[in-house]
Amino acid sequence: MSIKQISVFLENVPGALYAMTGVLAQNKIDMRAFTLAEASDFGIARIIVDDLYKTTTVLKDAGYVHSISDVLGVVIPDSPGGLNRVLQALTDAQVNVEYMYVFLGHKTTGSAYMIFKVADIAAASAALAARGIRTIEQEELEKL
Amino acid sequence: MERYYQPEIECASREQIKAWQDERLVKQVRHVWDNVPYYRKKMEEKGLTPDDIRSSDDLYKLPFVTKADLREAYPYGLVAKPLKECVRIQSTSGTTGKRVVAFYTQHDIDLWEDCCARAIMAAGGTDEDVCQVSYGYGLFTGGPGLNGGSHKVGCLTIPTSSGNTERQIMFIQDLNATILCCTPSYAAYIGETMKEMGLAPEQIPLKAGIFGAEAWSEEMRQDIQNTLGIKAYDIYGLTELSGPGVSFECSAQSGMHINEDHFIAEIIDPDTGEVLPEGSKGELVFTSITKEAFPLLRYRTRDICMLTREKCSCGRTHVKMCKPMGRSDDMLIIRGVNVFPSQIETVLLNHGYPANYQIVVDRVKSTDTLDVQVEMTPEMFTDNMGEIDRRQRELVDGLRSMLGLAAKVTLVAPKSIVRSEGKAVRVIDKRKI
């Protein structure tokens, strides 16, 4: 019901992000979603990748501090009101959304994907399932 | 014309000064032997009794007193007078948790204020002057010391204390302050602010400044003198000994005369403790020979310094010390506050941070900045930005309560702080002092 997100600590200095994407590029890791959160002197790069184990290994070897968290990959019909329906379900279930960002699927499926970091992942999954809103699984990531 | 507060003392013959020191040291040693068990024990450990100290020539026999002794004896262990005879305490900023608390009888305060009065008159002050004391008042000795000295000279004293720069400038302008007492960095800041306000040096009524409590360079002196249109004089002191006024600059502006009727200065080899001949560079050690409540024998200041008895153009005969050239320990002076890297390390460890850290000290617009850089670790890291932010703020608060100073905390990448082979490079001091 959930997928794994890798959060990487980055210093807020020129080239820090480039250095990290360089490590991923060298190891031929395909990023499926990416977002950056920043504070004044540091940032957190949040990524969804096709190969979780390989990515965490190469990041660790390159000296990056990272953590893994469970997030929801929500399939949203690419039509007006799609996101609104998802948020409606979460609101009704009283689930707090901590942050969310867009997922870059590279097949034309007529659907958009969004990553949701929520306070209660079980409650959120149940609420979405009850409304017929699909969430993706870790194994699906490679195919998207 | 050179002015003196106590000319018969300040210009006394070397023989006379030696005679005072001999007599007062012998008396002081007897005083601590009789009244301070801590000292008696230290002397007994070296097989000494007061009879072994017959003049200042025997000073070298006495054991040293260090900051560690002051901590161990905290709070009353070195007090040599009944508390009912003490009238004041002053205190240093925190040193690894424990502050140094110094005690004063009314007589001690009197003599301390005399020393400050000598400094003010050496800077040209008279009872015609208006003296603005912009050192902090309170536990810090800067404000109370210069305030008392200013009264003794008979200056009209403005006790502004530190901070509120606009009000400082307003008083300087409106009340025609002629002498400013504060830290050199604050003087530079006041100067820059006045310059930004479009005030030319000749529009500023100040004529002299007495600046101490932190290290400053000749270049900084020139800058302050030029922006404020004044002569800037250095003053030196330690809370442990009394406060500002242990030594002070005269019109020659080349070294600070030590008030030798109250303090005997020695230069020692910091490694062996051996007394070095005049003119050698080494650690400055002071013995307070007139202090009643809190006498210190051979107190190791950790300041690296040189002494000279060369004849001074001002007519004073007391020995001169140069500006301290460094420390024999790792203490930093930031915005006038004493900071030991070990204190910062303690706070980091208490907050669950690793001991991989670096302290970057800089001076931005005449104000010292302290940046504590800490490496992020897998244990500390979380995807929750708010949580990291909260921990960072807790660390800032912890540092503030330990140091009495605002510090910035920067989280840096793992392994980004250079590991050195031997002693870790903990401190990067970018200030050009």
Side-chain angles (χ1 to χ4, degrees), chain A residues 2-20 22-23 33-49 52 55-72 96-101 115-121, chain B residues 344 347-349 351-362 364 367 369-400 405-420 424-425 428 430:
Chain A
S2 65
I3 55 176
K4 303 287 184 193
Q5 167 191 267
I6 306 171
S7 306
V8 187
F9 175 82
L10 294 175
E11 263 186 82
N12 198 354
V13 292
L17 186 56
Y18 172 68
M20 186 201 75
V23 169
F34 178 94
T35 186
L36 196 60
E38 96 282 356
S40 63
D41 57 346
F42 71 95
I44 299 176
R46 292 169 176 143
I47 53 176
I48 306 285
V49 293
L52 180 74
T55 309
T56 51
T57 307
V58 300
L59 284 173
K60 195 167 175 236
D61 289 347
Y64 284 95
V65 167
H66 63 270
S67 69
I68 296 171
S69 28
D70 290 316
V71 292
L72 288 174
N96 190 39
V97 177
E98 291 171 6
Y99 55 81
M100 50 188 261
Y101 54 100
I115 303 297
F116 280 73
K117 177 77 167 68
V118 292
D120 185 343
I121 205 153
Chain B
I344 293 172
V347 178
L348 289 174
L349 294 173
H351 284 77
Y353 288 85
N356 289 322
Y357 64 94
Q358 201 155 50
I359 301 163
V360 181
V361 186
D362 205 347
V364 181
T367 302
T369 59
L370 172 61
D371 185 8
V372 179
Q373 300 185 336
V374 197
E375 284 183 4
M376 180 54 96
T377 64
E379 295 73 35
M380 286 196 296
F381 183 64
T382 155
D383 176 58
N384 188 333
M385 209 93 178
E387 177 66 15
I388 298 179
D389 186 50
R390 190 183 61 76
R391 284 188 211 161
Q392 219 173 339
R393 271 185 282 120
E394 274 178 8
L395 186 54
V396 168
D397 290 344
L399 288 167
R400 185 185 294 117
L405 192 70
K408 181 173 177 262
V409 170
T410 306
L411 294 170
V412 298
K415 310 274 189 309
S416 63
I417 292 171
V418 183
R419 266 61 168 174
S420 60
V425 182
I428 298 175
K430 296 179 174 171

Partners passing salt bridge (Lys or Arg N to Asp or Glu O under 4.0 Å) against B:Asp371 (at least two apart in sequence or in another chain):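 In terms of salt bridge (Lys or Arg N to Asp or Glu O under 4.0 Å), with neighbours along the sequence ignored, B:Asp371 is linked to no residue.
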
Results of salt bridge (Lys or Arg N to Asp or Glu O under 4.0 Å) for B:Asp362 - residues two or more places apart only: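 B:Asp362 satisfies salt bridge (Lys or Arg N to Asp or Glu O under 4.0 Å) with no other residue.
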
Sort A:Lys117 into side chain, backbone, both or neither according to what part of it lies under 4.5 angstrom from a heavy atom of chain B.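 Just its side chain gets close to chain B.
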
For A:Glu98, which atoms come within 4.5 Å of any heavy atom of chain B: side chain, backbone, both, or neither? neither

Chain B contacts: which residues in residues 9-18 of chain A have a non-hydrogen atom closer than 4.5 Å to it?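 When heavy atoms of chain B are the reference, residues 9-18 of chain A contributes A:Phe9, A:Glu11 within the under-4.5 Å range.
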
To the nearest 0.5 Å, atom CG of A:Asp41 lies from atom NZ of B:Lys408 at 5.5 Å

With a 4.5 Å heavy-atom cut-off (strictly below), which parts of residues 382-391 of chain B touch chain A? List them by number.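 Those residues of residues 382-391 of chain B which have a heavy atom under 4.5 Å from chain A are B:Thr382, B:Asp383, B:Met385, B:Ile388.
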
When only pairs under 4.5 Å are counted, which of B:Leu411, B:Val409, B:Thr377 shares the most heavy-atom pairs with chain A? B:Leu411

Minimum heavy-atom distance B:Phe381-A:Ser7, with the two atoms named: CE2-O, 3.3 Å

Correct closest heavy-atom pair for B:Pro414 and A:Gly63 would be CG-O, 3.5 Å

